[in-house]
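All values below were derived from every heavy atom in this structure, side-chain atoms included, with hydrogens, water molecules and symmetry-related copies excluded. Protein chains get the first letters and strands the later ones, always in sequence-line order, with residue 1 at the start of each.
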2 protein chains.
Amino acid sequence: MGVSERKAKEKEELKSRILQAAKKLFVEKGIDQTTIRNIANEIEYSVGTVYVYYKDKNDILHDLHSQGFKQLGGEMKVLFNVADPMERLKALGKTYLSFALENPDMYDLMFTLKGPMDFLESMHQEEWNEGKGTFDVLRSTVNQCMETGHFSGHQLEPLSFAIWSTVHGMASLHNSQRVKGVNFEDPNTILMKAYEEFVKIIDRE
Amino acid sequence: MGVSERKAKEKEELKSRILQAAKKLFVEKGIDQTTIRNIANEIEYSVGTVYVYYKDKNDILHDLHSQGFKQLGGEMKVLFNVADPMERLKALGKTYLSFALENPDMYDLMFTLKGPMDFLESMHQEEWNEGKGTFDVLRSTVNQCMETGHFSGHQLEPLSFAIWSTVHGMASLHNSQRVKGVNFEDPNTILMKAYEEFVKIIDRE
DNA sequence: AAATAAAATGAACACTGTTCATTTTATCAA
DNA sequence: TTGATAAAATGAACAGTGTTCATTTTATTT
């Protein structure tokens, strides 16, 4: 049946248009300044149509959050070429931080806002596959670092978590406007300098 | 004049009652589930009255954020007794992290939510004194660590920022439900283990 | 061309933060 | 005590939000 296939494709396409409109408006005027009516208006459909394709606003937030993880995952995959695990670890951190600074709204959606997580819960889906997948990349890299003699005396899981926390903390403080309140240098500069201090420390491990 | 003094005191008192009602409701049912009408109801006044004492909701959020910093500041002051700066630094981190885990809503208000910062901006008050004061405690401690031979080859400001980021990152990931999505241990346990890894690392510095 | 299924609609609902003309209460002077 | 004045409290009204769902429009099949 060619008709139902075409219909499925059209549905997928309109859903994707809704998502891209949402992303555009989020970046343009912020997530909580973007309403369902705005999104509907952007694609020239009615409010009701948005609810045909998405359960609720959190559904949209979660879908966009997943898209963000695909992008970040793609940028991280490039670094699989880096043979030395320690070099790869440092590069991963830099990539992660750059992603956060360049896509603050997306980063918020992926790692701070409740919306996407509330959606998972409402679907009785307890697994956060996107987060787990990304953390796996970090953990396996740290594991290889340990296998090549680094981080001796450390525990893999908590250490990986501490490293994640460090870069996430930088991104998060920057994103929530807490950096500029404390230091009057350009926030991006102080952030990158802080990352350099982090690199100095783990370079000795 | 005794009358105007008494009036000023009464005003101060009612304002404080509004704040405490807000805090109670925030903890009970979450910040964005708490409405001005809820708060007014809690103290048995009308909505309008709340707006006599607070400019808007962000004003309340900011006031509560300041109260949180007073509490955290108090808990940190206790550690001034610890003579060795390195020991003090580690204790500061633990106190900071414990505060975040025990007062998640307050921590959110202090270090994540836009509300309090938006209020400052709306008041044309560019300085974030609460954050600066707290960061000063960390920086001066790190400075003393460096003066006693630790962290050689590091820069004070970015290093302090990196340390802040590490503990904030732990608190933030926990607070936004991202820890339990990735690791099925008790989130508090993995968090404390991660902090121990952090301690191991800076103990070598 | 009629019957059926699928998709899109937008008015309506219950809620939000916020305003401000009006009412109530307290203070002070005659 | 009374009337004038100032201060404080009020809540209806406004413009906005996310969400629902009976109704209408469009497309497909018979």
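A/F119 does not carry A/K55 over the face of its six-membered ring by the limits of under 6.0 Å from the centre and within 45° of the normal. A cation-pi arrangement is absent between B/K193 and A/F161 under the rule of less than 6.0 angstrom and at most 45 degrees off the ring axis.
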Problem set entry | Contact pattern, 5' to 3', of nucleotides 8-18 of chain D - B, S or - by protein heavy atom under 4.0 Å | SSBB-B---SB
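A/D203 has no carboxylate O lying under 4.0 Å from a charged side-chain N of A/K200, or vice versa, which leaves the two without a salt bridge.
For B/E13, the CD atom is loosely surrounded, since the number of other residues' heavy atoms within 6.0 Å does not exceed 12.
A tilted orientation is assigned to the rings of A/F111 and A/Y107, their planes being inclined by 30° to 60°.
Look at CD on A/E10: it is 20 Å from P on C/dA5, rounded to the nearest Å. Across the protein-nucleic acid pair, A/K55 atom NZ and D/dT19 atom P stand 8 Å apart, rounded to whole Å. At whole-Å resolution of the value, CD1 in B/I18 and P in C/dT18 are 14 Å apart. Rounded to an integer number of Å, the gap from B/K15 NZ to D/dA7 P is 18 Å.
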Donor-acceptor pairs are to be reported for all side-chain atoms of residues 65-72 of chain B against protein atoms at under 3.5 Å, with residues two or more places apart or in another chain.
unit_1 : atom_1 : unit_2 : atom_2 : d
B/H65  : ND1    : B/H62  : O      : 3.0
B/H65  : NE2    : B/W128 : NE1    : 3.0
B/S66  : OG     : B/H62  : O      : 3.1
B/S66  : OG     : B/E130 : OE2    : 3.0
B/Q67  : OE1    : B/Q20  : NE2    : 3.0
B/Q71  : NE2    : B/E75  : OE2    : 3.4

